[in-house]
Amino acid sequence: MNNRHYLLFWLTSIMLTLTACGSSQKNTQEQDKKETSSAILVPQFCADSAYAYIKEQVNFGPRVPNSDSHRQCGEYLASQLEKFGAKVYNQETNLMAYNGAILRARNIIGAYNPDTRKRVMLCAHWDTRPYADSDEKQHHQTPIDGANDGGSGVGVLLEIARQIQQTAPSIGIDIVLFDAEDYGTPQFYEGIDRPNTWCLGSQYWGRVPHVPNYKARFAILLDMVGGKNATFYYEGYSQRTASQPMKKIWNAAQQLGYGNFFIKNSGGEVTDDHIYVHQFRQIPCVDIIDYNPHSDTGFNPTWHTLNDNMENIDKATLQAVGQTVMNVIYHEK
Ligand code: AHN
Ligand code: ZN
């Protein structure tokens, strides 16, 4: 080893010891080789970092609207987006739940490169379910940690925000954190089942976007993207209304070697925020959601149970989803 190489080696070792991920030299070179024609470098998504952002959310306690934990976590999320250099919008509003309860809700939006019309929107819900209504009856009224359901999508998006601050992609990105997604009519409810009781925050945002006439080329919704052995099938509504970006995402995943997570077959149709993003704003929105048409509820076994906690978060899943989304947005121009 000559002196110059030794110095490089030494610097790289230091960088890798300081942070769990750093920007890996090896991977950048690999990507370089594959992409010499287009010369697009995609930064390395750091799953350790995303995991830490999930843990921070869970540490506030269940983020159920009207609770202190919810209010404190909302402050944390807005300040994180500020810290990562986004232009932050807060939409605060009262929304009515299935049982008539008034929820003080807050959608939080972080915009990068806000002046360009070439935009991609990334979204997730940040609230957590007040009920473990898929758990044993004694737990139905207990709020869940929502490490996966709520925490994971937001954790991945905060890590992407951190990456964007370091290396901007060529298009504008909006990170939209919806509130009050998971306050839908519980399975035990005996009153009248009104329609559209899920996704209250995205319904509000659809009617009153954070900027007038907001538009994006397409949107990606992340929902339950941190579970063990997660599978992401083509979600039915996305497949009908956003098939182009959907193919782009699943092809990127395949190329990166994440074909075991991103299955190129149809799953079921799921009620989720993507429906309102499309219906109210005509933005094609792809729902990346852990949904298995062969399982009993369709969802991960921890879904809406007290087991939706940090123990059941898998960094390998976060890595697959985070890197895939990064590849898609850094290749847009
Ligand atoms: C229903 O349970 C009807 N839809 C799933 C939407 C959801 C809930 N995503 C996370 N939690
Ligand atoms: Zn849920």
Side-chain angles (χ1 to χ4, degrees), residues 54 57-58 61-65 67 69-70 73 95 97-99 103 105 107 122-135 139-157 176-189 193-206 219-227 230-239 267-279 285-293 295-309 312-313 317 321:
I54 300 171
Q57 295 172 75
V58 170
R63 282 81 70 214
V64 175
S67 69
S69 304
H70 177 269
C73 186
L95 299 170
Y98 72 93
N99 56 358
L103 310 178
N107 293 327
L122 307 176
C123 49
H125 75 90
W126 71 272
D127 63 305
T128 56
R129 186 146 181 77
Y131 315 112
D133 56 337
S134 290
D135 208 318
H139 301 311
H140 282 187
Q141 297 292 336
T142 309
I144 62 171
D145 279 358
N148 194 28
D149 191 357
S152 66
V154 173
V156 167
L157 293 184
V176 181
L177 307 180
F178 292 125
D179 200 354
E181 187 273 348
D182 229 346
Y183 217 109
T185 311
Q187 295 174 30
F188 54 73
Y189 187 61
D193 190 5
R194 320 178 192 201
N196 305 316
T197 63
W198 301 86
C199 309
L200 301 178
S202 57
Q203 293 184 57
Y204 177 79
W205 176 87
I220 302 175
L221 172 64
L222 303 183
D223 195 4
M224 302 189 275
V225 293
T231 50
F232 307 109
Y233 285 80
Y234 292 143
E235 185 277 330
Y237 186 89
S238 313
Q239 207 177 5
E269 194 158 321
V270 176
T271 301
D272 213 341
D273 295 316
H274 65 309
I275 294 185
Y276 301 100
V277 171
H278 176 258
Q279 284 184 357
C285 183
V286 180
D287 194 5
I288 301 181
I289 183 165
D290 182 5
Y291 185 86
N292 187 338
S295 87
D296 45 348
T297 63
F299 297 105
N300 185 295
T302 68
W303 180 69
H304 294 179
T305 76
L306 299 183
N307 294 324
D308 182 358
N309 55 33
N312 291 306
I313 294 295
T317 308
V321 172

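Atoms within a ligand are numbered from 1 in the order they appear, just like the ligands themselves.
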> Taking Glu235 as the fixed residue, which of Ile288, Val286, Asp287, Leu221 is the one that meets the side-chain contact (heavy atoms from CB on, under 4.5 Å) rule?
Replying inline: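 Going through the options one by one, the only one that passes is Asp287.
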> Can the ring centroids of Tyr131 and Phe188 be said to lie less than 6.0 angstrom from one another?
Replying inline: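 Between Tyr131 and Phe188, the centre distance is under 6.0 Å.
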>> If you take the centroid of each ring, where Trp contributes its six-membered ring, are Tyr237 and His278 closer together than 6.0 Å?
In response: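 Yes, ring centres under 6.0 Å apart.
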> Who are the residue neighbours of ligand 1 when the rule is a heavy atom under 4.0 Å from any of its atoms?
Replying inline: His125, Asp149, Glu181, Asp182, Trp198, Asp223, Met224, Val270, Thr271, Phe299, Trp303, His304
>> Taking salt bridge (charged side-chain N to carboxylate O under 4.0 Å, His left out) as the cut-off, I'd like each qualifying pair that reaches into residues 177-186, sequence neighbours left out, listed once.
In response: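 Of all non-adjacent pairs touching residues 177-186, none passes salt bridge (charged side-chain N to carboxylate O under 4.0 Å, His left out).
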>> Can you tell me how the ring of His304 sits relative to the ring of Trp198, calling it parallel under 30°, perpendicular over 60° and tilted otherwise?
In response: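 Parallel: the ring planes of His304 and Trp198 meet at under 30°.
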> In terms of side-chain heavy atoms, does Asn196 have a donor or acceptor partner in Tyr276 at a distance below 3.5 Å?
Replying inline: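 Judged by distance alone, the side chains do pair up.
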>> Could you tell me if Asp272 and His274 have a donor-acceptor pair between their side chains, going purely by distance under 3.5 Å?
In response: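 No, no side-chain donor-acceptor pair sits under 3.5 Å.
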>> Please enumerate all residues that pass side chain to side chain donor-acceptor pair (under 3.5 Å) together with Asp193, with sequence neighbours excluded.
In response: Thr185
> When rounded to the nearest 0.5 angstrom, what is the spacing between CG in Asp223 and SG in Cys123?
Replying inline: 9.5 Å
> Tell me, which protein N/O/S atoms are under 2.8 Å away from the Zn ion (ligand 2)?
Replying inline: Asp149 OD2, Asp182 OD1, Asp182 OD2, His304 NE2
